[in-house]
J.: 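Dumping the structure here so I can ask a few things about it.
Numbering of ligands and ligand atoms starts at 1, following listing order. Owing to the predicted nature of the structure, the values given are computational and were not obtained by experimental measurement.
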Amino acid sequence: MTLEEGEGLLTIDLAAVAENYCALRARLRNGSRCGAVVKANAYGLGVEHVAPALYAVGCRDFFVATLAEGQALRKLLPDDVRITLLTGLRSGQEATCVRARLIPLLVSTAQLQRWIAETSVDGLAAPCALKLDTGMTRLGMGQGEFACLLSQPELLHAANLCLLVSHLACADEPEHPQNRHQLECFARASEALRTVCPQVESSFANSSGICLGEEYHFDVARPGSALYGINPSPGQKNPMRPVVKLRVPILQLRQVDGDVPVGYGATQMAPSGSWLAVVRGGYADGVLRAQSGRGRGAAVVAEPDGCESRIVVPMIGRVSMDTSVFDVSALNDSQRGRLQAIEMLNDELTVDEMGAAAGTIGYEILTSLGHRYCRRYC
Ligand SMILES: *Cc1c(COP(=O)(O)O)cnc(C)c1O
């Protein structure tokens, strides 16, 4: 263990990200391109590493959330990528957006008008995209306003629209009727818009949306989570390769005498004779406190042949800011003597599972991963 790894080692497998991208792309219908969502620092994994890895396997359509993320990504990648800002644009940001050649996702006629006013050269605005709400009721133009917009072809032409976007609310539940409802609405809108502006492409599917089938793919898909190993079809075997591993050092290994309460709040008892491993990694490192007493880890044991074996052990007591505690009583004396570390995330203990233990989703686990670990890319 190097000095830096002393605070925990977070390994991010860029080859797995690239492979996940290629696997998703291979599922798309003919003629549909695969983009990549790299917002929030590529879901916490490091956009400066992840984006070039995706570029190298052919991705040219990138999606980020904010203007600052877009500016940073523009500097990071060659000129031939298209970068779209998913959370749109605040008034006053137009010039910065155009300078970095970023495409804002506009959500109202007023925003379109402003975009035209602020960015037009010789009667044509800089390229922009339109977000339509088809049932998610988050960002997006409502159906009524969209119908109105369709009757203003001069406005649409002047706006230089290149992409129509909508987002699925329930794509991870294939049977949910909302999926079909949103699909029908989006297909109609996309068709209608194309009669006015034939060059406009359509983008609908996130990771789970890709799994819903070819009708959902349209021109450009926008997967994020599945690239990073999150299961796009919960309840079924995960088709994606896991991307992150988290291995934390043991700060203290101790046997308790007597039945004792463990951690803040004395919420859980360790029976007399229990062996406890106190590890680096607490809620300030993204080990969510909500998984207190429910999380699991893998005790890594060095074998005489130089390999390592793993034994799954439970977390015990509350997660603290810098540490958490695992009950390693399942290990025998010999194994305990060869205990190397605890893995909180690996190929078996997935971000989806950790998310479930904390009552949340793998997305939140990834975007919470701490900055005190040594990060290694492979
Ligand atoms: C985050 C996001 C995505 C990516 O979704 P995943 O479920 O991570 O694949 C796609 N589109 C929009 C609008 C988003 O906000």
Side-chain angles (χ1 to χ4, degrees), residues 17 20-21 23-25 27-28 32-45 47 50-51 54 59 61-67 69-70 73 82-89 102-107 128-141 163-174 176 178-179 182-183 185-186 189-190 201-213 216-235 238-244 350-352 355 360-369:
V17 175
N20 287 338
Y21 175 81
L24 291 165
R25 181 172 58 190
R27 292 178 75 145
L28 295 180
S32 175
R33 302 198 301 283
C34 195
V37 180
V38 295
K39 61 190 178 189
N41 195 27
Y43 290 48
L45 298 186
V47 70
V50 167
L54 290 168
C59 183
D61 290 273
F62 289 85
F63 297 85
V64 293
T66 68
L67 182 61
E69 288 176 1
L73 187 61
R82 186 163 78 173
I83 302 174
T84 305
L85 307 179
L86 292 171
T87 55
L89 205 63
L102 306 172
I103 298 176
L105 208 46
L106 305 177
V107 298
C128 67
L130 180 67
K131 178 81 175 280
L132 180 69
D133 176 24
T134 56
M136 168 89 175
T137 321
R138 197 174 60 178
L139 282 174
M141 180 178 286
L163 190 68
L164 178 70
V165 172
S166 192
H167 193 48
L168 286 157
C170 307
D172 57 344
E173 299 173 57
H176 202 296
Q178 179 79 351
N179 293 322
Q182 286 194 258
L183 173 64
C185 178
F186 188 67
S190 154
E201 293 189 311
S202 300
S203 175
F204 193 43
N206 64 342
S207 300
S208 296
I210 292 174
C211 302
L212 293 178
Y216 287 81
H217 296 170
F218 291 87
D219 300 306
V220 187
R222 306 186 308 274
S225 58
L227 298 171
Y228 313 115
I230 287 177
N231 190 353
S233 34
N238 189 353
M240 312 322 297
R241 269 186 59 186
V243 170
V244 292
T350 63
V351 289
D352 293 310
T360 179
I361 51 178
Y363 295 64
E364 193 176 358
I365 299 298
L366 288 181
T367 55
S368 303
L369 285 169

J.: Tell me whether Tyr363 has any N or O atom under 3.5 angstrom from an N or O of ligand 1.
T.: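 Tyr363 vs ligand 1: N/O contact under 3.5 Å present.
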J.: Would Tyr43 count as a contact residue for ligand 1, given that I'm defining contact as a non-hydrogen atom of the residue lying under 4.0 Å from a ligand atom?
T.: yes
J.: Can you tell me which portion of Pro223 lies within the under-4.0 Å heavy-atom range of ligand 1? Options are side chain, backbone, both, or neither.
T.: backbone
J.: Can you list the atoms of ligand 1 that are under 4.0 Å from a heavy atom of Ser225?
T.: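 Checking each atom against Ser225, I get 6 (P), 7 (O), 8 (O), 9 (O).
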J.: Nearest protein heavy atom to atom 11 (N) of ligand 1, by residue and atom, and its distance?
T.: Arg222 NE, 3.0 Å
J.: With rounding to the nearest 0.5 angstrom, report the CG to CD distance, Leu163 to Glu201.
T.: 6.5 Å
J.: If I take atom OH from residue Tyr363 and atom CG from residue Asp352, how far apart are they, to the nearest 0.5 angstrom?
T.: 9.0 Å
J.: So, applying side chain to side chain contact (heavy atoms under 4.5 Å, CB included) with Leu102, which one of Thr84, Leu89, Ile83 is it?
T.: Ile83
J.: For atom 9 (O) of ligand 1, what is the nearest protein heavy atom, given as residue, atom name and distance?
T.: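 That would be Ser207 OG, 2.5 Å.
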J.: Is the shortest distance from a heavy atom of Arg138 to ligand 1 less than 4.0 Å?
T.: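 Yes, that is the case, since the closest heavy atom of the residue is under 4.0 Å from the ligand.
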J.: As an exercise, identify every atom of ligand 1 less than 4.0 angstrom from a heavy atom of Val37.
T.: 3 (C), 4 (C), 10 (C)
J.: Report, in ascending order of atom number, the atoms of ligand 1 lying under 4.0 Å from any heavy atom of Leu86.
T.: 12 (C), 13 (C), 14 (C), 15 (O)
J.: Checking a contact table here: which protein heavy atom is nearest atom 14 (C) of ligand 1, and how many Å away?
T.: Lys39 NZ, 3.0 Å
J.: Considering residues at least two apart in sequence or located in another chain, which fulfil the side-chain hydrogen bond (donor to acceptor under 3.5 Å, both in side chains) criterion with His217?
T.: none
J.: Looking only at distance, does Ala226 have an N or O less than 3.5 Å from an N or O of ligand 1?
T.: no
J.: Any chance you could measure Ile361, atom CD1, to Asn231, atom CG, to the nearest 0.5 Å?
T.: 12.5 Å
J.: Please round to the nearest 0.5 Å and tell me the distance separating atom CG of Leu168 and atom CE of Met136.
T.: 9.0 Å
J.: Should Thr350 and Asn238 be marked as a side chain to side chain contact (heavy atoms under 4.5 Å, CB included) after you check the CA-CA gap, both sets of side-chain angles, and the distance that decides it?
T.: CA-CA 10 Å; Thr350 63; Asn238 189 353; 5.7 Å; no
J.: Residues in side-chain contact (heavy atoms from CB on, under 4.5 Å) with Ala221, at least two apart?
T.: Leu28, Ile210, Pro223
J.: Atom 5 (O) of ligand 1: which protein heavy atom is closest, and how many Å away?
T.: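 Going by distance alone, atom 5 (O) of ligand 1 is nearest to Asn206 CB, 3.4 Å.
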J.: For the residue pair Phe186 and Phe218, categorise the inter-ring angle as parallel (less than 30°), tilted (30 to 60°) or perpendicular (more than 60°).
T.: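 The rings of Phe186 and Phe218 stand perpendicular, inter-plane angle above 60°.
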J.: Say whether Ser208, considering both its backbone and side-chain N or O atoms, lies within less than 3.5 Å of an N or O atom on ligand 1.
T.: no
